[in-house]
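These notes concern the structure reproduced below.
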Amino acid sequence: MNGQPRNPAIEKILFDEDAIRRRVAELAGEIVEDYKDGDFAADREGRPLLLVCILRGALIFTADLARAIKMPVEYDLISVSSYRNGTAPGAVRLTKDLERPIAGRDVMIVEDIIDTGYTIEYLKRNLAARSPASLRVCTLIDKVPRRKVPMKIDYVGFPLKEDAFVIGYGMDYAELYRNLPYIGSLSPQYMK
Ligand code: PRP
């Protein structure tokens, strides 16, 4: 673990710092390959790819991904809230919007984890309505077995088959553990 003591709340390390760094670099390489020549619906005004970071979980992934992408990018931040204990499953609302319009831009939504898919479905619909030139999705973790809304995810860091509660590298339990530099599963005894 790169000399770092393991947090006692971690049941199992799923992806350590080296694995994350390597995979982020690979994803960044794929993104550069796909966008560098404007293969698809490139922004005709020559504006760079716009990364849309979904607060708050994707903050750390977006920061690392943006720095690994060796071509110009911009980023903006958006925040949504899901009603996990509410009446309608999958209901999502916008709590902080983007700073600028995205019409005509190449846009990539950056997520830390896609679980049921409700959040990304809402965001794709919301952003597509603003007429971007293109809209793609990059997620670090794709929790495939939990998906309720089938959809194509353009860039996936790690597909995760096990139904673990994932924390670290931006992901939280009750707002804790976001600053762990690796990704692990939360030990059940630490869940309240
Ligand atoms: C997490 C994650 C995604 C969403 C995925 O966010 O960052 O946005 O859940 O879940 P879904 O596919 O089931 O919709 P969360 O609501 O925990 O907020 P956070 O990003 O602030 O941690």
Side-chain angles (χ1 to χ4, degrees), residues 7 9-11 13-15 19-20 23-24 27-28 31 50-66 68 75-99 102 107-130 132 135-188 190-192:
N7 187 300
I10 296 286
E11 184 176 55
I13 291 166
L14 300 168
F15 309 107
I20 296 170
R23 191 66 191 118
V24 169
L27 285 173
I31 291 167
L50 177 69
L51 304 178
V52 171
C53 169
I54 314 307
L55 294 173
R56 282 161 292 164
L59 183 71
I60 289 172
F61 175 43
T62 307
D64 283 348
L65 183 69
Y75 59 77
D76 202 344
L77 316 170
I78 197 168
S79 186
V80 290
S81 174
S82 49
Y83 302 93
R84 297 210 186 276
N85 302 313
T87 45
V92 178
R93 77 191 157 96
L94 197 65
T95 54
K96 182 219 168 295
D97 205 349
L98 297 172
E99 295 297 320
I102 58 167
V107 175
M108 183 177 296
I109 300 172
V110 183
E111 263 291 23
D112 50 339
I113 186 165
I114 297 177
D115 191 2
T116 61
Y118 288 130
T119 303
I120 201 69
E121 183 198 38
Y122 168 85
L123 282 164
K124 279 184 84 171
R125 210 175 341 107
N126 183 299
L127 297 185
R130 306 179 196 198
L135 182 61
R136 287 189 163 192
V137 176
C138 176
T139 187
L140 184 60
I141 293 179
D142 186 3
K143 224 170 158 185
V144 187
R146 296 250 312 161
R147 189 65 33 79
K148 295 270 193 271
V149 193
M151 79 182 73
K152 176 174 174 283
I153 308 300
D154 304 286
Y155 302 93
V156 174
F158 303 109
L160 189 63
K161 293 211 173 68
E162 51 198 290
D163 189 11
F165 195 101
V166 181
I167 54 172
Y169 198 70
M171 290 168 276
D172 74 308
Y173 174 73
E175 296 305 325
L176 291 171
Y177 314 114
R178 291 194 198 270
N179 64 328
L180 294 177
Y182 51 85
I183 295 168
S185 55
L186 179 65
S187 181
Y190 283 79
M191 295 186 200
K192 291 185 198 110

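All ligand and atom numbering here is 1-based and tracks the order in the structure. Keep in mind that the numbers below use all heavy atoms, side chains included, and drop hydrogens, waters and symmetry copies.
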Contacts of type salt bridge (charged side-chain N to carboxylate O under 4.0 Å, His left out), residue Asp76, not counting sequence neighbours
none
List in chain and number order the residues that pass salt bridge (charged side-chain N to carboxylate O under 4.0 Å, His left out) with Lys152, two or more places apart in sequence or in another chain; answer none if no residue qualifies.
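Partners of Lys152 by the salt bridge (charged side-chain N to carboxylate O under 4.0 Å, His left out) criterion, ordered by chain and then number, come out as Asp154.
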Does a salt bridge link Lys124 with Glu121, judged by any charged N lying under 4.0 Å from a carboxylate O?
no
Answer yes when Asp172 and Arg56 have at least one side-chain N-carboxylate O distance shorter than 4.0 Å, and no when they do not.
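Salt bridge between Asp172 and Arg56, a charged N being under 4.0 Å from a carboxylate O: no.
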Gly57-ligand 1 polar pair, N/O distance under 3.5 Å:
yes
Geometric N/O contact Gly117 with ligand 1, under 3.5 angstrom
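Yes; at least one N/O pair falls below 3.5 Å.
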At a non-hydrogen distance cut-off of under 4.0 Å, which region of [X] contacts ligand 1 (side chain, backbone, both, or neither)?
X: Val92; answer: neither
X: Met171; answer: neither
X: Thr119; answer: both
X: Arg178; answer: side chain

Taking only heavy atoms of [X], which atoms of ligand 1 are found under 4.0 Å from at least one of them?
X: Asp112; result: 2 (C), 7 (O)
X: Thr116; result: 11 (P), 12 (O), 13 (O), 14 (O)
X: Asp172; result: 22 (O)
X: Arg56; result: 19 (P), 20 (O), 21 (O)
X: Glu111; result: 2 (C), 3 (C), 7 (O), 8 (O)

Take a 6.0 Å sphere around NZ of Lys148 and say whether it holds more than 12 heavy atoms from other residues, nucleotides or ligands.
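Atom NZ in Lys148 is not packed in, count stays at 12 or less.
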Which word best sums up how the rings of Phe165 and Tyr173 line up, parallel for under 30°, tilted for 30 to 60°, or perpendicular for over 60°?
perpendicular
CD1 of Ile54 to OH of Tyr122: how many Å apart, nearest 0.5 Å?
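Here the rounded value is 10.5 Å.
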In Å, rounded to the nearest 0.5 Å, how long is the span from OG1 of Thr62 to CG of Leu77?
8.0 Å
Winner among Asp115, Thr139, Ile54 once heavy atoms are compared against atom 10 (O) of ligand 1:
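It is Asp115 whose heavy atom sits nearest to atom 10 (O) of ligand 1.
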Please confirm whether Leu55 approaches ligand 1 to less than 4.0 Å, judged on its heavy atoms.
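Flag set, Leu55 near ligand 1.
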Step by step, work out the side chain to side chain donor-acceptor pair (under 3.5 Å) result for Asn179 and Tyr169.
CA-CA 6 Å; Asn179 64 328; Tyr169 198 70; over 6 Å; no
